[in-house]
Amino acid sequence: MTTHAATAQEHRLSPAQRKAIVAGAVGNTVEWVDWAVYATFAPVFAKQFFTPGNETTALLSTLAVFAVGFVMRPIGGAVLGAYADRHGRKKGLTLTISLMAGASLVIAACPTYSKIGVLAPIVLLLARLVQGFSAGGEFGSSSAFLIESAARGRRAFAGSWQQVSVGAGALIASLMGTVLNSTLSEAQLQSWGWRVAFGVAGLLGLVGLWLRRSVHETEAFTRIKDRPRGNPLVAMFRDHPKAALRVAGVTIAGTLIYYVWVTYMPTYAHLATGIPLRQALLANTLAIVVFLILLPFGGLLSDRIGRKPTMAAFAAGFLLFSWPAFHFLAADFWTLLLIEIVGMVLIVGYSANCAVIMAEQFPPEVRTTGIGLPYALAVAVFGGTAPYVTTWMNAEGFGHLVWLYVAIAAVIGLAVYTTMPETKGKEL
């Protein structure tokens, strides 16, 4: 094969590779609908699960459950990651979506505090812990599956669809919030409307389960499945400690800023400025659409110029943008929409790269565990607490300093991204 032909082959996806990427992305989308719908409807169902009284206290309690769900993500990353490294990406993905969808259906059917008292928040907490466990295994399994299913010169492009699917899940959750807030009265929304959202999310999970059962195992895992192997978790810590630390470092800025912009900005803007929640959700929905459209192009750019420049542009951009974004936030739809869109364009630099960078750190024997556990630890500490911290800061009169919270994360990210090795073109 000539050099030109070999290069072309590296940058061309075969029909089988395209099919695997589509199936992986669609299945991942419906899984993340289940995850994102909780934060989208937190202001609505908060009073249904906790002692009636102060609305801010109820919301903070609901967001505390949101944060506690992240505690299970490292456990899921370790347990489900090791499962996928031992038994295959396909089996790992099938298990994670089953757990996530089942927990959503439990939340949809759970009686409220007025019916069963303290059992209501306990059931909510347990369901969210299961979802956190599932989400912890999902990122590593889906990232490994997509990257291993791609041609060498299209890995970032393939990996960007992991984040396209996560964003699509957030988009569907946000869209459900917009539709239900616009078509139901407040009494209907709080009585049963929020249950519809969780029920739809759970049923979509069954579609994702069917899709995941229809795909083939990746070639990278098939090559090693019969080799003698030890515990993937032990091997990750023993043989790849620097790579694991790098995955956590790569994640810090990305997950914190992502959760502030994508998951909680509508609620924060509503509480901080008084803009109607339905307008804030609509601005969020439109910004996510822009984000999803740009993500594959961000992956193509990374495949062309490298991982480091595109990641550094994300962090530097937020270092400059964080103060203006929060300083000019107002109870105006167009202002909020502009802030949301600028932020989402910058986040493309992180989200188009994160899956491929993490996958390129490890050999296939420990790849899912190596991605899943360090990523989940960083997400638990920095992403899971972001909605609670921003709400608390606003409630305590420190809302004007949220920009600093974001800027510090950007500084940390910039330091990591400019010092990490370039992995574009690395052999998997």
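- Atom NE2 of His216 has 12 or fewer neighbouring heavy atoms from other residues, nucleotides or ligands inside a 6.0 Å radius.
- Note that CH2 of Trp194 is 14.5 Å distant from CG of Asn181, once rounded to the nearest 0.5 Å.
- Side-chain atoms of Ile341 and Val345, non-hydrogen and from C-beta on, do get closer than 4.5 Å to each other.
- Looking at Arg155, Arg246, Arg367, Lys424 one by one, the single match for salt bridge (charged side-chain N to carboxylate O under 4.0 Å, His left out) with Glu360 turns out to be Arg155.
- Taking the six-membered ring where the residue is Trp, Phe328 and Trp323 present perpendicular rings, their angle passing 60° and hence far from 30°.
- Between the side chain of Ser143 and the main chain of Gly140, no donor-acceptor pair closer than 3.5 Å is present.
- When all heavy atoms are compared, the tightest approach of Gly413 to Ala315 is C-CB, 4.0 Å.
- A donor-acceptor pair under 3.5 Å is formed between the side chain of Thr310 and the backbone N or O of Gly306.
- Side chains of Ser149 and Trp161 form no contact here, defined as non-hydrogen atoms less than 4.5 Å apart.
- Of the possible donor and acceptor atoms, none in the side chain of Thr423 sits under 3.5 Å from a partner among the backbone N and O of Ile357.
- Residues Ser322 and Ala407 come closest through the heavy atom pair OG-CB, 3.4 Å.
- Residues Val416 and Ile252 are not in side-chain contact: their nearest non-hydrogen atoms beyond the backbone lie 4.5 Å or more apart.
- Summarising the geometry of Gly199 relative to Ala108, their closest heavy-atom pair is N-CB, 3.6 Å, with the distance given to 0.1 Å.
- Side-chain atoms of Ser302 never come within 3.5 Å of backbone atoms of Gly299 as a donor-acceptor pair (strictly under, hydrogens ignored).
- One finds a salt bridge joining Arg212 and Glu138 here, because a Lys/Arg side-chain nitrogen approaches an Asp/Glu carboxylate oxygen to under 4.0 Å.
- Contact annotation: the side chain of Tyr258 never approaches that of Thr255 to less than 4.5 Å [non-hydrogen atoms, C-beta and beyond].
- Closest non-hydrogen pair, Leu204 versus Val33, comes out as CD1-CG1, 4.3 Å.
- The shortest distance between side-chain heavy atoms of Tyr405 and Leu256 falls below 4.5 Å.
- Rounded to the nearest 0.5 Å, atoms CG (Leu146) and CD (Gln163) are 10.5 Å apart.
- Taking the six-membered ring where tryptophan is involved, the planes of Tyr417 and Phe314 are tilted, since the angle between them lies from 30° to 60°.
- With a 6.0 Å radius and a threshold of 12 heavy atoms from other residues, nucleotides or ligands, Arg195 has its CZ atom above the threshold.
- In this structure a side-chain-to-backbone donor-acceptor pair under 3.5 Å is missing from Ser134 to Val130.
- Here CG of Leu125 is found 12.5 Å from CG of Leu119. Values are rounded to the nearest 0.5 Å.
- Here the OG1 atom belonging to Thr273 is positioned 7.5 Å from the CG atom belonging to Leu336, to the nearest 0.5 angstrom.
- Counting heavy atoms from C-beta on, the side chains of Thr368 and Pro232 never come closer than 4.5 Å.
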Pair Phe145-Lys90, side-chain contact (heavy atoms from CB on, under 4.5 Å): steps then yes or no | CA-CA 8 Å; Phe145 177 81; Lys90 178 179 175 178; 5.8 Å; no
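- For Pro266 against Leu281, the heavy-atom pair with the smallest separation is CB-CD2, 3.9 Å.
- Counting heavy atoms from C-beta outward, Tyr268 and Val402 have side chains that approach closer than 4.5 Å.
- Using a 4.5 Å cut-off on side-chain heavy atoms (C-beta onward), Phe362 and Met236 make contact.
- Here CG of Leu211 is found 10.5 Å from OG1 of Thr94. Values are rounded to the nearest 0.5 Å.
- In this structure, the side chain of Asn284 does not engage the main chain of Met265 through any donor-acceptor pair within 3.5 Å.
- Side-chain atoms of Arg307 do not come within 3.5 Å of backbone N or O of Glu422 as any donor-acceptor pair.
- Note that the OG1 atom of Thr96 and the CG atom of Asn28 stand 8.0 Å from one another [nearest 0.5 Å].
- A side-chain donor-acceptor contact under 3.5 Å links His270 to the backbone of Ile275.
- In this structure, Lys308 contributes its side chain and Thr418 its backbone to a donor-acceptor pair below 3.5 Å.
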Hey, mind stepping through Phe326 and Trp261 against ring pair (Phe, Tyr, Trp, His ring centres under 6.0 Å) and telling me if it holds?
-> CA-CA 11 Å; Phe326 287 94; Trp261 244 259; 5.7 Å; yes
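- Nearest heavy-atom pair, Thr29 versus Ala168, reported as atom, atom and distance to 0.1 Å: CG2-CB, 3.6 Å.
- For the pair Gln188 (side chain) and Ser185 (backbone), a donor-acceptor distance under 3.5 Å is present.
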Tell me, with the steps shown, if Thr251 and Met358 meet side-chain contact (heavy atoms from CB on, under 4.5 Å).
-> CA-CA 9 Å; Thr251 305; Met358 295 174 193; 3.2 Å; yes
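- Side-chain contact check for Arg89 and Ser141: no donor-acceptor pair (N or O, by modelled atom type) lies under 3.5 Å.
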Show your reasoning for whether side-chain contact (heavy atoms from CB on, under 4.5 Å) applies to Met311 and Asn353.
-> CA-CA 7 Å; Met311 291 289 276; Asn353 273 302; 3.4 Å; yes
Check against side-chain contact (heavy atoms from CB on, under 4.5 Å), Cys110 and Leu124 | CA-CA 8 Å; Cys110 182; Leu124 179 67; 5.8 Å; no
